Amino acid sequence: MDRIPILRMGEFLLVTIQVDMHDQLALALQDDLSERISKTAARGVLIDISALDMVDSFIGRMIGTISAQSRIMDAHTVVVGMQPEVAITLVELGLTLPGVSTALDVERGMKLLRQRVASE
Amino acid sequence: MAELRQRTLDVLGKNQKWLLDEWNRDLSGSGVGNDNRIGKDELGQQTAEFLDLMIRGATQGGGTGIGTAAWGDVRAFLEALSRSRALQGFDSLQTANFIFSIKRPLFALLQRELGDEPALLAEQLWAISEILDSLGMHTVNSFQKSREDVIRRQQEELLELSTPVIKLWDGVLALPMIGTLDSQRTQVVMESLLQRIVETGAEIAIIDITGVPTVDTLVAQHLLKTVTAIRLMGADCIISGVRPQIAQTIVHLGLDLQGIVTKANLADALAMALRRNGLSVVKG
């Protein structure tokens with residue numbers, strides 16, 4: 001089964017979702033990510049979903065779960081590059097993802113992560 | 001359906017000129033063509049063309065209904081006519097009157113020419129009347145259709161016009177909303193604003209609701225949705241132009257606008273956006 005790669009960049013982890021997300025893949029990512037956070041003691045996770053153009057309620061909830069999970073393991077999560085259609089869909093589904101930080105692109109997301117970590 | 005006899009068609013063909021003159025006289029007497037919207041020459045041209053087409057249609061189509069191919073030219077002409085009438089601002093009565101006003105001269109002609117055979121006259125009058133009535137109905141029908149087209153187009157244009165996304169500063173977008181916010185408009189607004197955020201990479205979007213007459217629970221919900229979508233994309237949203245009455249309404253309704261930055265006017269919102277971007281305005 002294919003997996004979504006998790007890249008390490010210093011004290012941050014970078015996840016780029018470039019394939020269509022299906023439920024199994026999302027669950028695998030959730031497991032892998034928590035594993036990697038504990039192994040690398042990462043301080044932040046950046047999830048790039050700019051290539052994702054379709055979401056359902058499961059994927060939307062998964063984004064929230066990953067964020068909450070990482071928070072407990074002392075890593076900040078920033079979701080970047082959400083497409084307008086995806087944002088509208090999530091809002092219509094009632095998934096407002098409270099507590100999830102967002103940024104327009106990877107560069108700004110990284111800046112935000114550094115700020116968050118530095119302010120602690 | 002009663003059929004038009006050859007004799008009637010001959011009478012029509014022979015007296016076409018007389019019929020046309022009478023018809024034109026009636027039309028100008030009724031007031032159409034007296035104002036500037038439609039010239040006398042143009043009206044004359046239209047009547048001549050219609051009469052010509054109608055006699056040709058009657059010759060080819062005989063007693064068949066006007067839905068057949070023989071009447072195709074007449075129908076097309078009437079559709080074009082009612083479209084232009086609709087654009088010029090005539091009402092349906094005036095448009096239909098174009099057709100119905102030919103009845104008087106036409107009936108007078110038939111009475112004169114076929115007066116020797118009352119039975120035939122009655123039958124032919126009925127046939128002609130039937131044709132003219134259905135032509136008139138067709139005209140009114142297409143008139144209404146063109147009017148509806150105009151209204152639909154205007155609605156769409158209004159929708160486009162009323163939702164321009166403006167770039168106020170580098171990284172600051174503004175969207176002045178004017179008019180009532182319904183679901184459809186919110187959808188359009190949301191889409192165009194989010195699209196522009198992606199294109200420009202702006203981090204702050206200001207929604208100005210000075211032009212929104214009332215804010216009720218539904219409108220507030222639409223606003224909340226837009227703000228949430230903007231936040232999900234990673235930009236910030238400020239709502240400006242909250243008038244005192246609207247602030248009162250929001251509080252009275254018990255709406256929860258927490259987590260949304262609101263400002264009294266656009267200037268305050270811009271000042272805040274500039275401050276967040278680390279910019280300041282200095283008097284030169």
Side-chain angles (χ1 to χ4, degrees), chain A residues 14-17 21 44-57 59-68 76-116, chain B residues 163 165 167 169-173 175 181-207 217-239 255-261 273 276-278:
Chain A
L14 182 62
V15 181
T16 317
I17 298 173
M21 281 293 258
V45 178
L46 192 126
I47 306 176
D48 176 24
I49 56 167
S50 53
L52 198 69
D53 52 11
M54 253 199 309
V55 283
D56 55 15
S57 54
I59 305 295
R61 209 163 55 91
M62 183 222 56
I63 296 174
T65 317
I66 287 182
S67 172
H76 295 274
T77 309
V78 176
V79 176
V80 304
M82 192 183 289
Q83 294 297 312
E85 306 88 65
V86 174
I88 291 174
T89 311
L90 286 183
V91 170
E92 294 295 340
L93 287 172
L95 289 165
T96 54
L97 304 183
V100 177
S101 307
T102 49
L104 283 171
D105 49 37
V106 177
E107 202 181 322
R108 287 178 228 217
M110 275 295 175
K111 204 172 125 197
L112 186 65
L113 268 184
R114 280 193 206 101
Q115 273 172 9
R116 289 278 161 87
Chain B
T163 53
V165 182
K167 183 180 172 184
W169 208 268
D170 218 21
V172 184
L173 292 178
L175 186 115
L181 276 179
D182 53 23
S183 316
Q184 201 197 353
R185 277 200 60 198
T186 319
Q187 192 75 18
V188 175
V189 166
M190 216 200 268
E191 274 168 26
S192 56
L193 185 57
L194 297 189
Q195 200 56 50
R196 280 296 293 272
I197 290 176
V198 172
E199 284 164 16
T200 58
E203 280 187 1
I204 296 176
I206 302 171
I207 299 180
T217 42
L218 202 65
V219 173
Q221 202 199 347
H222 288 324
L223 277 177
L224 275 171
K225 272 187 184 176
T226 313
V227 173
T228 314
I230 292 171
R231 193 189 66 80
L232 280 178
M233 286 186 54
D236 279 328
C237 184
I238 303 171
I239 292 185
L255 299 175
D256 184 18
L257 289 189
Q258 256 166 20
I260 299 181
V261 185
R276 277 204 198 168
N277 282 351

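Each chain gets a letter, A, B and so on, in the order its sequence line appears, and its residues count up from 1. Worth saying up front: this structure is predicted, and the values here are computed from it rather than measured.
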Interatomic distance, A/Met82 atom CE to B/Ile230 atom CD1 [nearest 0.5 angstrom]: 13.0 Å

Heavy-atom proximity to chain B below 4.5 Å, by part of A/Val100: backbone

Shortest non-hydrogen contact between A/Ala87 and B/Leu232, atoms and distance: O-CD1, 4.0 Å

Between chain A and chain B: donor-acceptor pairs at under 3.5 Å:
| residue | atom | partner | partner atom | Å |
| --- | --- | --- | --- | --- |
| A/Glu92 | OE1 | B/Lys225 | NZ | 3.1 |
| A/Thr96 | O | B/Arg231 | NH2 | 2.7 |
| A/Leu97 | O | B/Arg231 | NH2 | 2.9 |
| A/Val100 | O | B/Arg231 | NH1 | 3.1 |
| A/Thr102 | OG1 | B/Arg231 | O | 2.3 |
| A/Thr102 | OG1 | B/Gly234 | N | 3.4 |
| A/Arg108 | NH1 | B/Gly201 | O | 2.8 |
| A/Arg108 | NH1 | B/Glu203 | OE2 | 2.9 |
| A/Arg108 | NH2 | B/Gly201 | O | 2.9 |

Among the listed options A/Gly81, A/Pro98, A/Pro84, the residue most often paired with chain B at heavy-atom distances under 4.5 Å: A/Pro84

Which residues share a side-chain contact (heavy atoms from CB on, under 4.5 Å) with B/Leu224, sequence neighbours left out: B/Leu257, B/Ile260

